[in-house]
Amino acid sequence: MQVPLASPDIVSEDKKAVMEVLETNILSLGSKLNEFETNFAQYTGARYGIGVNSGTSGLHLIVKSLGLHTGDEVITTPFSFIASSNALLYEGVKPVFVDIDPLTLNLDPGLVAERITEKTRGILGVHVFGHPYDIDAINSLAKTYQLHVIEDACEAIGAKYKGRMVGTNSAASVFAFYPNKQMTTGEGGMIITNQETINDLSKSLRNQGRNLSNEWLVHERLGYNYRLDEMSCALGISQLRRIDKFLEMRSRVAKKYTALLKDIPGVEVPYVSPDVEMSWFVYVIKFEHGIDRNEVMQKLSAKGIGSRPYFSPIHLQPLYADGFGYKKGDFPITEDIAARTLAIPFFNTITDEQIEYVVNAIKSLV
Ligand SMILES: *Cc1c(COP(=O)(O)O)cnc(C)c1O
C-alpha cells in the first residue's frame with residue numbers, strides 16, 4: 001500500500017472555478033483577488049486581507065511594513081519552518097531565538113524577557129503544527145516592552161486560542177496555501193491585519209511599489225512582484241468554502257491516530273493544551289530516547305509510507321550556524337525534540353485502512 005505524507009483535497013468544483021478564470025482574459029489583478037481577500041478577512045474576523053504569492057512573501061511584507069530594518073532584533077523560535085526566520089533576514093533584522101515549551105513545541109514565553117535588549121523591536125510567534133502559542137503571555141510581554149507582534153499563522157488556519165481565532169491577536173499575521181497546508185492555492189499566502197497602514201503598504205509593496213490607485217508607471221517605493229494570480233485566487237475561494245469541513249476531517253484523522261498510537265510503548269502522541277482548538281496541519285509523533293527515528297523513517301519508506309522529520313532546528317542550518325555562530329547545545333529543548341519527531345501521513349482523505357496500515361507499521365518498528 002502507498003500512503004503519501006500529504007495530499008491536497010481537490011474536487012470538481014475547484015477545477016471548475018479555475019477553468020472559469022482561464023476562460024476570461026483576466027489572469028492577474030482581477031476580481032478574484034478582491035473576492036478571496038474579502039472572504040478570507042471575513043472568515044478570520046480581520047478588517048483587511050492582502051493576497052500574496054506565498055506565505056514567505058507575506059511575512060517579508062509584514063516585516064517591511066512595520067518598518068523593521070538593519071540593527072533591529074526580533075525574538076522568535078528556532079523550531080519552525082525556516083521562512084519565519086528568513087523573513088527577518090531579508091530586511092537585515094537579527095532573529096534572536098528562544099527555546100520552546102516541550103509540550104506545545106511553541107516559543108516559551110517564560111524565556112523571552114531575558115533576551116530583550118534595547119534593540120528588540122518585536123516578537124515573531126509561530127503557531128507550530130496548528131497549535132496556537134500562548135497568545136496572552138506573548139501579547140502581555142509585547143505590551144510591557146512596547147514590541148510589535150507578528151503572528152506566523154501559516155500552519156494554523158482556523159485554530160482557536162481561548163475561543164479566539166488565531167490571526168487577529170497581533171499587528172498582522174500571515175497564512176499559507178502551499179499544497180500540504182490545510183487548504184491550498186498551489187502557491188500562495190494571505191496577510192490579515194486590522195491596521196490600515198499595514199494594509200496599504202503591503203498592497204503597494206506586493207505590486208512593485210505602485211500606489212493604491214494602481215497607476216501603472218508610478219512607483220512610490222521599492223516594491224516586489226508578490227502578486228497572487230487569479231487562478232490561485234479562484235482555487236482559494238473554492239477551498240475556503242470547505243475549510244470548516246476540511247478542519248473537521250483532519251480532526252477526525254488526528255483523533256483516530258491518537259487512539260491507535262497512544263498505548264504503543266516508545267511513541268508519544270501530540271499534546272493539545274486545554275486552552276486551544278487545534279487546526280491540524282501535520283500529525284507529528286515523538287519517539288522515546290533510544291529509538292532511531294531516521295531508521296524508522298527509512299523502514300516506513302520501504303513499506304510505501306511517507307514520513308519526514310519536523311522540524312530541523314533553524315539555528316543549526318548552515319546559513320544560521322555559519323552566519324551567526326549558533327551551535328549545538330544553544331537551544332537544548334528544540335534540539336532534543338527535533339531529533340525525535342516524525343510527521344506521518346496526514347491529509348483529509350486518508351482512509352481508515354491507510355491509517356491502520358501506518359499504525360501497524362510503526363508498531364512493528366519500535
Ligand atoms: C508554510 C509555512 C510558511 C510559508 O511557506 P510558503 O511555502 O512560503 O507559503 C511560513 N512559515 C511556516 C511556519 C510555514 O509552515
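We count ligands from 1, going down the list as the structure has it; atoms in each ligand are counted the same way. Just so it is clear, the model here is predicted, and its values are computed rather than measured. Just the heavy atoms: all of them, side chains too, but no hydrogens, waters or symmetry mates, feed the values below.
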I'd like to know if the side chain of Gln239 reaches the main chain of Thr184, judged simply by a donor and an acceptor atom lying under 3.5 Å from each other, with no hydrogens or angles considered.
yes
Ile138 versus Glu151: any side-chain heavy-atom pair under 4.5 Å?
no
In Phe281, Trp280, Phe311, the residue satisfying ring pair (Phe, Tyr, Trp, His ring centres under 6.0 Å) with Phe129 is Phe311
Nitrogen or oxygen atoms of [X] and ligand 1 under 3.5 Å apart:
X	value
Thr56	yes
Glu187	no
Glu155	yes

Considering non-hydrogen atoms of the protein only, which is the closest contact for [atom], and what is the distance?
atom	result
atom 7 (O) of ligand 1	Tyr178 CB, 4.3 Å
atom 12 (C) of ligand 1	Asp152 OD2, 3.5 Å
atom 10 (C) of ligand 1	Cys154 SG, 3.4 Å
atom 14 (C) of ligand 1	Lys181 NZ, 3.0 Å
atom 9 (O) of ligand 1	Gly55 N, 2.9 Å

Lys/Arg-Asp/Glu bridge criterion (N-O < 4.0 Å) met for [X], [Y]:
X	Y	value
Asp352	Arg252	yes
Asp136	Arg164	yes
Lys299	Glu295	yes

When rounded to the nearest 0.5 Å, the distance separating CG of Leu88 from NE2 of His69 is 13.5 Å
If we number the atoms of ligand 1 from 1 as shown, the ones under 4.0 Å from a heavy atom of Ser80 are 13 (C)
Ligand 1 atoms nearer than 4.0 angstrom to some heavy atom of Val126 are 13 (C)
